[in-house]
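What follows is a single structure, written as structure tokens, with notes after it.
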Amino acid sequence: MPTERPTLIESVTDKAIVLNIDGEKVPITRDVAALRTLLKERNVHIIQYAEKIYNIDHIDEANFGAVTRRIVFNSILVRRLVDDLLHHKDEVQHFLHNLPPEAKQNWEEVPEFLKNAQSVVGQNFVWVLALELRRLFAIGGDKRKRQEEKVDEYIDHCFSAAKRALQLTTFMLVVELWEQKKQGKEYRSDAAQLEPFFGTRPLTLLEYSRLLADLVRVFADNNLSLPTGLTPALNADDPISRAVTGLERLQSHHTAYGLAHCHTAEEHLADLLIALPLLRLYRLVSIKRIEYEEMRNRAPRYIKDFTILEKKDEREWQRILRFDDKPAHSYATLMHNRQRAVNLFPFVLDYHAFTHEPVSQIWLYECREGWNGLRYYNIEQEKTEYIHFCDAKEGTRAVRTEEEKQALERDVRCDLTIRQLEDAMNTLLGTNHRFEKSADHTESLEI
Amino acid sequence: MQKRYPFPFLDAYRREDHDFFFGRDEEIETLYRLTQQSNIVLLYGASGTGKTSLIRCGLSNKFKSYDWHDVYIRRGEHLIRSLDRALCEEADRPNTGSDGLTIAELNQKLEAVYKTTFKPLYLIFDQFEELYTLGTKDEQQAFIDTVRHILRAEQPVKILLSIREEYLGYLYEFERQVPELLRKKLRVEPMSLDRVQQVICGVGTHPCSNVKLKAGEEEIIATRIFDKLRDQDKTLTIQLPYLQVLLDKYYLHCTGDEKRQAEATLSLNSLDTLGELGDVLRSFLDEQVRYVARQQELPVETLWQLLSPFATLDGTKEPLSEDELRSRLPDDFPLHAAAPALQAFVQRRVLRYLEQTARYEVAHDALAKQLHARRSEEEIARLEAQRLIRSLVAVKPEAREPLSVKQLTFISEVLPKLRLTEEEKAWVEESRRYREEEAQKALAARQERDLSIFESFAALGKNLIYTLDHAEALEKMKVAVEVDVDAEYKRRQLAEPIAELLFFFAEGGRRHRLACTAAELLLRLQPEAGLAALLQECLNQGRQTRARFTPLLEQLPSYSQLRSRYYPEMVDVPLGDTAVFEMGSPDSEWGHQDDEQLHPVQLSPYRMAATPVTFYQFALFCEATDRALTYRTPYWGRFGDHPAVNVSWYDAVEYANWLNAQQGLPPVYTIKKVKNSDPNNRVDDDYLRWEVVWSTSAGGFRLPTEAEWELAARGGVGAVRTLYAGSDTLEEVGWYWKNSGDKPLNGDWDANRILDNNGRTRAVKQKKPNGIGLYDMSGNVWEWCWDWYSPEYYEECARAGAVKNPAGPETGRTGRVIRGGSWRSEAVHCRTAYRIRFTPDDRYRHVGFRLVFVPQLMSKAGWLLLNR
């Protein structure tokens, strides 16, 4: 944290900046190079504009525009998402239309309008991203913390949001390929590209973006239809790669983050989310359980208990029971829109579906834990979770208590999850690996 | 690193106290898991288990700051208003102050709060029991509705309720309407030794804590503190407030630093110098009150009065604004001293000021419990009364219940000391008025009902006497005596019938217990002093013989009437100078029969009963001799003042003997109750033919001879001769077939018509008597005479000249004479001269008898009895 007394930016116009250096007012052109030169001459490292404090070393071309505006956290991200991604949405247009004329230009600088925009943005992303964005809004808007206290947390969640965006997209493509292959369709691909995905270490942002590019290429090469909202050609210059590279650079080179870094992270995250419009075109739906009913002289039917994680408008219910005669995948977590429903299981789990809790708890696949289990990320609790292969005996089992029943069901479902991932892995990599019960794993996971 | 004091005293641990919050990891983890599984979680436990700390510090620290927006809501003056105020404050909106939030308002406010922070909102209702200890039913229902709305709102909102476990039962209705309420719940356990060790050792070893434990003594210090706190009590747990107060006391004991900045090292030695603690919390409270009393120069008692309203009657804390407090203080409380004293108590950490609701409250429920324990019975009664009235007045007027009589009685003792609002006073007054009116109505209804019961039983009793079921009548009288009606009215209604029952059973001489019962009932009617004394004496002695009752009976106001009712009333038959009369009828008399030949007869003096023996009289005979009366009942019923019927000639002579005995006279007849023992009885139809020997020399009661009957019927010697007894017109003096039924009959005698017309006996003395006051000699019932019947007997007498005291033939072939006709007789048979006979052992529903009394040779005692 800077301890020296900051130099104040007194005013900013379209073309000029006026600095107050120890009482002396110094006007310069509104240009990052001019600012750097002046501060170097005066041996000043810290500047303050309104309530914002910056380290001059963190200011670059990418964030200079933000530094010289009356914005703090979230403003760039929300503005860009509204302008570039969501402008055609009714509620966004409604929001923009209702802005007073004097605020139409810089509405993101007015807290009230920014809040409204955040609310609209949050509602228009798939639940996982909506959660990450909500956290960014919460951290940015936290009045109980000073700027410098929340910078790290904020940037970390920019990384996290970016990773969830890449994970979800990647999962969709991996699942599609797995399905294709299970259906016996042959396509040209390089299994080695997917090996890290099934490895024992979580992929980095950059690795995810490369994998994503590879997968998109496979889809393109094999004339497979990409999910809506995903651009066919990804390369080193595409916006996704650029954004990820920018975030990766920020992540790997930082010693101490400043507010300027937040602006940079926001810019990159906005780039990424804008480049992945599918994240606002799908909803996440979890199937809690499917009951089967069959009676004499009646066709069998299924009762499906869905939980819709997003709340996109008032007419939709969070929980839906559907009665029909079509079987469905148990414990499915569906990326779903009107045209397509992709079951991301076992890469995305609603763990509470295993234990029949009405509230959802979403876990995202991270990597393998050797050949004994899988590592997941509990997105709500922000902690790593593990599923171990229990090799629970199925068939007919006597259970004495409700707890015993629940534990058995949970173990069976965890085994099922691992076997599903094993199948995906072997199918996609052309291998024949088997997960096994760990010698030291004797007890079930606690709920 | 800045060190700080690690103990929050009576406050809850907060999020920033995380470093010093030990011993609750497991519960925190469980609570966190529950919040992930449900949108509503219930936390319950005994007072002083640290529920609030578990949420404010433990749970709160499980969440990142961007995932946790906690809003703590206490009831204040109204839970919904407090919720509304809290949401408005969080959303920077003006507070509407509404008692009920509509769904739309609630959604808007929740959304507004969410948009303020973009964090999931945790609505934490701490001290939730206040809704039940202080809130109204309406408020409770409003809260349930609000919770249901919140759970359906699909906003990122979760609800945590923290409640003392003894109030869990109050959640029944809540759970009924919100079934998920109790699905995810956690019981917060009290502090065990293990946890106390974790707290003390954890704090003592934490680098930020200014309290240290002497190395090597950590666990033993914790154990000793635990033991000190549970004192003699061998429980396995303690309450947190006690631990906190003790640790604070211990710290001050070691450092003396009231600012709590000095570093302290706690050791076994210093712990020993702390001495015996007793009840730590009570001592703390006493000390603080004494301190503030000295500081404010106020009496200690005044300060207890000031603190008392902060505890409910259940020993929980009740937050109060200054105005509310003033309204609870006694009239003589120095109000100017209240504000400074409150401030002083806040400084001394006994009270806490709640900025949000501008109220004071005691720092912990455990202190409220101590305050409640100090209350006198009188104060508790006053507070209970106050609470009672408030709870009633809290309901809107149209649904308000008036205080019950029991409640009014209860509050009346403390009413002058209560501080009531005008509305409350008015409601007490209204309740009193309402209950008085209700009581009056109830009294009137009860009196009416009692009177009705009384009159029913009195009437039933009297009727049973009239129908000669005296034992059952006594039972009815017992009930009637018990009924609460006006005493004088009761006496007027019951004294006579009960006296009659007393007379009946006493004279009957057989069932003395019933006589005593009647005496007891009579005594309860508060008769005049003399009689009361005799009754009491009678009861004290438990009289066992008829004679012993006599002095008592003689004192009964109705004694003479009762005697004349139950014993025959005798009339002198005038004999003139010659005592001779013409018996029979002349040939010219209408209806004259051959066996009625006129002949002179001379009779000795005698008296004749004024009426035939009535059922009253015969019932007494039956009572005394333990005979059944039932089978004598004619088809129209059995009534006391009707002539006894269904009596045979043998019954009649037995009655005569009994009556003599009853009057202290020797028997007139010697009755040999052996079948066919009478050689003079040659009546074939007589089944019994007992030998009955008349001791003609003996005075007393007996059946009349035919001559005695006829002379009496004719009104004695010298009376004007009439066709019937006392008249030539039968209608005037007698009941016969034409007039004894429901309506008068005419034409020819017809047995069926008589039956159809309900022909029957009639009460005696309803027709005109003859010249000497004898009733019913003609008609009503045939009357047995002593004589055997012989159609030639008059002729034989006539041949013999003036016969003296004729008693009929020596033997009988056809039966004994009956005279006078009956209710079913033709007029001709009711003539005075008409003679007929019946078989002596036959019992007919139109045959009775009456007695004569012959004074000759009567003892002086007998005369006295007879003339009494």
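Sequence lines set the chain letters: A, B, ... in the order given, protein chains first and strands last, and positions in each chain run from 1.
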Which bit of [X] comes within less than 4.5 Å of chain A, counting heavy atoms only: side chain, backbone, both or neither?
{"X": "B:Pro156", "answer": "neither"}
{"X": "B:Tyr114", "answer": "side chain"}
{"X": "B:Lys184", "answer": "side chain"}

>> Under the rule for side chain to side chain donor-acceptor pair (under 3.5 Å), what residues qualify as partners of A:His336, not counting sequence neighbours?
In response: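 For A:His336 there are no side chain to side chain donor-acceptor pair (under 3.5 Å) partners, ignoring immediate neighbours.
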
> Out of curiosity, A:Glu112 CD to B:Lys115 NZ, how far, rounded to the nearest 0.5 Å?
Replying inline: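 Going from CD on A:Glu112 over to NZ on B:Lys115, the span is 8.5 Å.
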
>> Show the nearest heavy-atom pair for residues B:Phe118 and A:Ser119, with the distance to one decimal.
In response: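 Scanning both residues, the minimum pair turns out to be CZ-N, 3.7 Å.
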
>> Testing the basics here: between B:Asp67 and A:Arg135, what is the closest heavy-atom pair and its distance to 0.1 Å?
In response: OD2-NH2, 2.8 Å

> Without hydrogens or angle criteria, can the side chains of A:Lys115 and B:Thr116 be said to hold a donor-acceptor pair below 3.5 Å?
Replying inline: no

Would you say [X] has more than 12 foreign heavy atoms packed within less than 6.0 Å of its [atom1]?
{"X": "A:Arg146", "atom1": "CZ", "value": "no"}
{"X": "A:Arg322", "atom1": "CZ", "value": "no"}
{"X": "A:Asp90", "atom1": "CG", "value": "no"}
{"X": "A:Lys143", "atom1": "NZ", "value": "no"}
{"X": "B:Arg14", "atom1": "CZ", "value": "no"}

Using a 4.5 Å cut-off on heavy atoms from C-beta on, say whether the side chain of [Y] contacts that of [X].
{"X": "A:Arg144", "Y": "B:Ser65", "answer": "no"}
{"X": "B:Tyr32", "Y": "A:Gln381", "answer": "yes"}
{"X": "B:Thr117", "Y": "A:Asp142", "answer": "no"}

> Heavy-atom distance under 4.5 Å to chain B: side chain of A:Gln118, backbone, both or neither?
Replying inline: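 For A:Gln118, backbone and side chain are both near chain B.
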
>> Using heavy-atom distances under 4.5 Å, tell me whether A:Lys150 contacts chain B through its side chain, its backbone, both, or neither.
In response: neither

>> Could you work out, with salt bridge (Lys or Arg N to Asp or Glu O under 4.0 Å) as the rule, every residue matching B:Glu173, not counting sequence neighbours?
In response: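 So B:Glu173 forms a salt bridge (Lys or Arg N to Asp or Glu O under 4.0 Å) with B:Arg176.
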
>> So, applying side chain to side chain contact (heavy atoms under 4.5 Å, CB included) with A:Glu357, which one of B:Arg183, B:Gln36, B:Gln37 is it?
In response: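 Of the listed options, the one satisfying the test is B:Gln37.
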
> Any donor and acceptor pair, going by atom type alone, linking the side chain of A:Arg134 with main-chain N or O of B:Tyr66 inside 3.5 Å?
Replying inline: yes

